[in-house]
There are 2 protein chains.
Amino acid sequence: MRPTKNAPAPSAAEHKAAILRDNRRVTSYDVALVAGVSQSAVSRCFKPGASVSKDTFKRVMEAASSLEYIPNAAARSLITRRSNMVAVIISNAANLFYPEALSELSKQLARRGKRVLLFTLNRESELDGVMNDVWQYQVDGVIAAATLSEAQVAEFERRRVPLVVFNRNLRGQAANTVACDQYEAGRALASRLAAAGHRVFGIIDGAQDNAVASERRRGVCERLAELMLPEPLIVRGNFDYTSGKLGLREIIARSNGRVPDAVICGTDVMAIGCLDCARHELGLNVPEQLSVAGFDAVEASEWLSYNLTTLRHPMQQMAAAAADLLHNLIDNPGGAAEKRMFAPHFIEGATARLAPLASVSLAA
Amino acid sequence: MRPTKNAPAPSAAEHKAAILRDNRRVTSYDVALVAGVSQSAVSRCFKPGASVSKDTFKRVMEAASSLEYIPNAAARSLITRRSNMVAVIISNAANLFYPEALSELSKQLARRGKRVLLFTLNRESELDGVMNDVWQYQVDGVIAAATLSEAQVAEFERRRVPLVVFNRNLRGQAANTVACDQYEAGRALASRLAAAGHRVFGIIDGAQDNAVASERRRGVCERLAELMLPEPLIVRGNFDYTSGKLGLREIIARSNGRVPDAVICGTDVMAIGCLDCARHELGLNVPEQLSVAGFDAVEASEWLSYNLTTLRHPMQQMAAAAADLLHNLIDNPGGAAEKRMFAPHFIEGATARLAPLASVSLAA
DNA sequence: TTGTAGGCGTTATCAG
DNA sequence: CTGATAACGCCTACAA
C-alpha cells in the first residue's frame, strides 16, 4: 500500500474514501501521497524544530487536516523510546482520601507533555503483580505512592525506569522521593498536646501494612516516651470514618470506661469519626473533656462542624514536586537519588486543648 | 543485531551482559537466541492459546525469565491494533468530588485487562484540545465524564473509537451512555419537599457550564412549577463548600432577610456548606426553621454531624456498568447506541422536614 | 509444531 | 531542504 511513484496525487477526498473502504488507518504515507511529498517530509512536519520549507509545511498540513491525520504514538515510541506516558501507582484507598494527589499529578504532568497511565492497588501487596504490567507499557517513568521493597526499587534501576516514590519515605533506600515527614508530624503533635498537659493518650492507628500511618504512630509514641508519659493505648483502624467511631469506643472500653485526655487518629477521616462519636454518641465535650487530633488537613477538616486540630500535608506542592522531579529524571537519568521532604504544618483547629489548664498554670 | 544462525546459543548471563553493554532493550530476539528457537516461537509462547510444544515453551520461559524479558506493548499494539489502554476523560472538579468513580473505573477496567490513561480537564472547554491528544495514544476506547458536542461525538464515530459518555445524558444524541437521571432526581426531591409543605425555595446551583447541576435544577424548577409553587430563587455556586455557605447568605440577602422554607443545593458538598452556615453562622435550626437538601450522597453526607437529606447517585454501579459497556463495545463495535440509566435513590437523612407540619395536617 | 518473511507506522541517518 | 532506506519490537500468515 505504499504510494506509487508515478501515480498522480489523488485528491484528499477520494483518497480518504479509499482508506475508509480498506478499513485502514490514516498514516503519514497517506498524507505524503495527497501532499505530493515523501513520507519523511510529513514526519518532519510534525516534529517541532525540524527543517522544512514553508511551502512543504503548508501542503503537508493541509493534506493532514483534510485527512484528519494524527501521528500514531505507539509507532513513534517504538523508535524514539519515549512513550510520553508516566505510570502512577496508587492504592484505591489513598486515591479516595487524597483525590487531589492524582488530579494534581495529572495536571502537572500534562503540562510537561506526559500522560498518566493509572495503576490502582486494592492492597499494597498487589504491587508486584502490577509492576509486571507497568513494564509492558514502556512508560517513561513511574510515580509510586506505595511502599516498595528493596528488590522492587532495584528492579526499577535494572530496567532503567525512573522512579519517584511519593508520600512514602523508604528508610535506608536510595530512591528518589517526595514526601512529608510523618515521623516528625507525629512528634510535633505529641509535643503540642503534652505541653498542654495531656497525659493519657489513645491512638487510632491506620491499616496494618500502611507505612504512613505507622510512621505517624511511631513519632507520637517515641515523643511521649521521651517525655516520660504513660504509653498510649493503640487500637487499629482502617482509615475510614466508621473505624474512627469504633476506635474511640474500643479505647474507652479497654480503659475500663475511662476517657483518655486525647485521642490521636492516623488520618483526619478517622479523627472526624472519632469526634462525631464523642460528641453525638457519647455526649462528650470536645475539647473540654477529650481532645481529638488527626493528620492530613483534608478539606472536611476545615468545615465549621469540625474545625479539626491536625497537621497539613501539602499534597499539591508534593504532587508538583513529584512531577518536576520525575520530569528531570526522565530527561537526565542517573545521578544520586534525590529526596524532597516537606514539613508538615500544624493547624490549631478547635478540637484539641492547646493551652495548659488554668489550675496547672496557677502552679507556676 | 539479529541473531546469527550459526553462532552457538550464548548463556543467558553473558547475553544479558552484552545487551546491557549495548544499552539495548531485551527483545524477543534475545530470548529466542538464548532459548535456541526462532523469534516467532517466543512470540507464540506469550500468546495465550497458541500452539507450542511443552518443551519449547519451557525453554523459552526459562530464557525469558533469566533475561527478565517483558513484551513491548507499543510494538504489539502496532500490529494488533489493540493498546489495552482506555482513556478516561474527567474534570478535576469531578474527580475531587467523586474519587470513587475513577477508582472504580480503574479497578473494573483492570479486571478486563485494560489500563486507564487519564485525561483531566480544568474546564470542560478544554475537551477539544484533549481529544486531539487522545487520538495519538491509540486507546481502545474512551470513557468521557464530560458534555460532548454533536461534532465531538461524531468524531469518535468517524475515528471508530468506542465511546461511553459517563454521568452525562446527552439529550438527543445517539451516544453510548451510563448515567443517573438527574432531571428525575430534581423532580423527586421537589416533590417530596413540596408534599411536606415547603413553599418558598432557594436553589444553590452548580458552576455555569455544568450539565449535571443544570439538569437537577431544571427538574426541581419544572416540578415546582407544575405544583403551582412560587418560582425558586436561584444563586450560582461552584460546587465547593464555601459556595454553599455564601449561597445561603446570598439567598437570604436577596429575599430581604427572609429565610426560605428549603434550600436545594446542586451537590452535597454545597449542601454541607449551606448547612454549616445555617447552623453555626446564622443560628438556624435545621430542619425546623430551614430544610437543606443536596444530591449525590457522598460519604460525608452520612456523617453524624450532617446526616443529609440527599439523593444517592450509584457511582460504583455506574462505573462498573461503564467499564462493562465499553468492554463490550471494544470487542463488538458498531450497533445501536446503548443508554444505561440508573435511578437516583432518595435518602431521607435529617436535614429536611419530610412530614407536613402539624398545623397543616389539621386542616384536612 | 516450527521457522521464514513481511508488515504495523513512525523516526533517524545520510546521501543528494 | 528533501527523499531513500534502515531500524524500532512484535505478530501472523504461510510454508516446511
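Sequence lines set the chain letters: A, B, ... in the order given, protein chains first and strands last, and positions in each chain run from 1. In this text, all values refer to a predicted model and were calculated from it rather than measured experimentally.
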Participant: Checking side-chain contact (heavy atoms from CB on, under 4.5 Å) against A:F166, which of A:N176, A:I143, A:V142 comes through?
Facilitator: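 Among A:N176, A:I143, A:V142, the one that satisfies the side-chain contact (heavy atoms from CB on, under 4.5 Å) with A:F166 is A:I143.
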Participant: With a 4.0 Å cut-off, would you call B:E157 and B:R159 a salt bridge?
Facilitator: no
Participant: Measure CZ/B:F57 against C1'/C:dT1 and give the value in whole Å, please.
Facilitator: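 Rounded to the whole Å, the gap is 15 Å.
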Participant: Report the C-alpha distance between A:Y69 and B:W135 in whole Å, list the side-chain angles of each, state the deciding distance to 0.1 Å, and finish with yes or no for ring pair (Phe, Tyr, Trp, His ring centres under 6.0 Å).
Facilitator: CA-CA 10 Å; A:Y69 166 75; B:W135 311 133; over 10 Å; no
Participant: Any ion pair linking B:R81 and B:D140 (charged N to carboxylate O, less than 4.0 Å)?
Facilitator: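 So B:D140 does not pair with B:R81 through a salt bridge.
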Participant: What's the angle between the local helix axes at either end of the helix from C:dT1-D:dA16 to C:dG16-D:dC1, using five pairs per end and rounding to 10 degrees?
Facilitator: 30°
Participant: Side-chain N or O of A:S28 less than 4.0 angstrom from OP1 or OP2 on C:dG9?
Facilitator: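 It does not, given that no N or O in the side chain of A:S28 lies less than 4.0 Å from OP1 or OP2 of C:dG9.
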Participant: Can you list everything that forms a side chain to side chain contact (heavy atoms under 4.5 Å, CB included) with A:S43? Sequence neighbours excluded, please.
Facilitator: A:Q39
Participant: Roughly, in whole Å, what's the span from CH2 in B:W135 to P in C:dG9?
Facilitator: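 Atom CH2 in B:W135 sits about 17 Å away from atom P in C:dG9.
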Participant: Does a nitrogen or oxygen in the side chain of A:S38 sit under 4.0 Å from OP1 or OP2 of D:dT2?
Facilitator: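 Result: no.
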Participant: Does a side-chain N or O from B:R81 land closer than 4.0 Å to OP1 or OP2 of C:dG9, or not?
Facilitator: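 Affirmative; the distance criterion is met.
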Participant: Does the side chain of B:R76 get closer than 4.0 angstrom to OP1 or OP2 of C:dC8 through an N or O atom?
Facilitator: no
Participant: Quick check: are there more than 12 heavy atoms from other residues, nucleotides or ligands sitting under 6.0 Å from CD of B:E150?
Facilitator: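 Not buried by this count: 12 neighbours or fewer within 6.0 Å.
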Participant: Charged N to carboxylate O under 4.0 angstrom, B:K16 versus B:E14?
Facilitator: no
Participant: Without decimals, in angstroms, what is the distance between A:F46 CZ and C:dG9 C1'?
Facilitator: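 Distance check: A:F46 CZ to C:dG9 C1' gives 13 Å.
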Participant: Would you indicate what B:V52 reaches in the nucleic acid, counting non-hydrogen atoms under 4.0 angstrom: base, sugar-phosphate, or nothing?
Facilitator: sugar-phosphate
Participant: Tell me: CG of B:L78 to P of D:dG9, nearest whole Å?
Facilitator: 12 Å
Participant: Classify B:T56 by what it touches in the nucleic acid, base, sugar-phosphate, or nothing, heavy-atom distance under 4.0 Å.
Facilitator: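 Counting heavy atoms under 4.0 Å across all strands, the contact made by B:T56 is with sugar-phosphate only.
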Participant: For B:R24, is there an ion pair with B:D30 - N to carboxylate O distance below 4.0 angstrom?
Facilitator: yes
Participant: Rounded to whole Å, please give me the gap between CG in B:N72 and P in C:dG9.
Facilitator: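 B:N72 atom CG is separated from C:dG9 atom P by 16 Å.
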Participant: 5'-most contact on DNA chain C: A:V26 or B:A41, nearest heavy atom basis?
Facilitator: B:A41
Participant: When you measure from the side-chain N and O atoms of A:T27 to the phosphate of C:dG9, is any distance below 4.0 Å, counting only OP1 and OP2?
Facilitator: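 No.
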Participant: Does this structure show an ion pair linking B:R168 with B:E124, if we count only N-O contacts that are shorter than 4.0 Å?
Facilitator: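 Yes, B:R168 and B:E124 are salt-bridged.
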Participant: Hey, does the side chain of A:Y69 come within less than 4.0 Å of C:dT10's phosphate (OP1/OP2), counting only N and O?
Facilitator: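 Result: yes.
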Participant: So which protein N/O to nucleotides 12-15 of chain D N/O distances come out below 3.5 Å?
Facilitator:
| residue | atom | partner | partner atom | Å |
| --- | --- | --- | --- | --- |
| D:dT12 | OP2 | B:K47 | NZ | 3.0 |

Participant: Roughly, in whole Å, what's the span from OH in B:Y29 to P in D:dC11?
Facilitator: 11 Å
Participant: Using whole Å, report how far CD1 of A:I19 lies from P of C:dG9.
Facilitator: 10 Å
Participant: Could you check how far NZ of A:K54 sits from P of D:dT2, rounded to whole Å?
Facilitator: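 Rounded to the whole Å, the gap is 12 Å.
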Participant: Less than 3.5 Å apart, any donor N or O on the side chain of A:T80 or A:R82 sitting next to an acceptor on the other?
Facilitator: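 No.
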Participant: Look at B:S53 and C:dT1 and indicate whether a side-chain polar atom (N or O) is within less than 4.0 Å of OP1 or OP2.
Facilitator: no
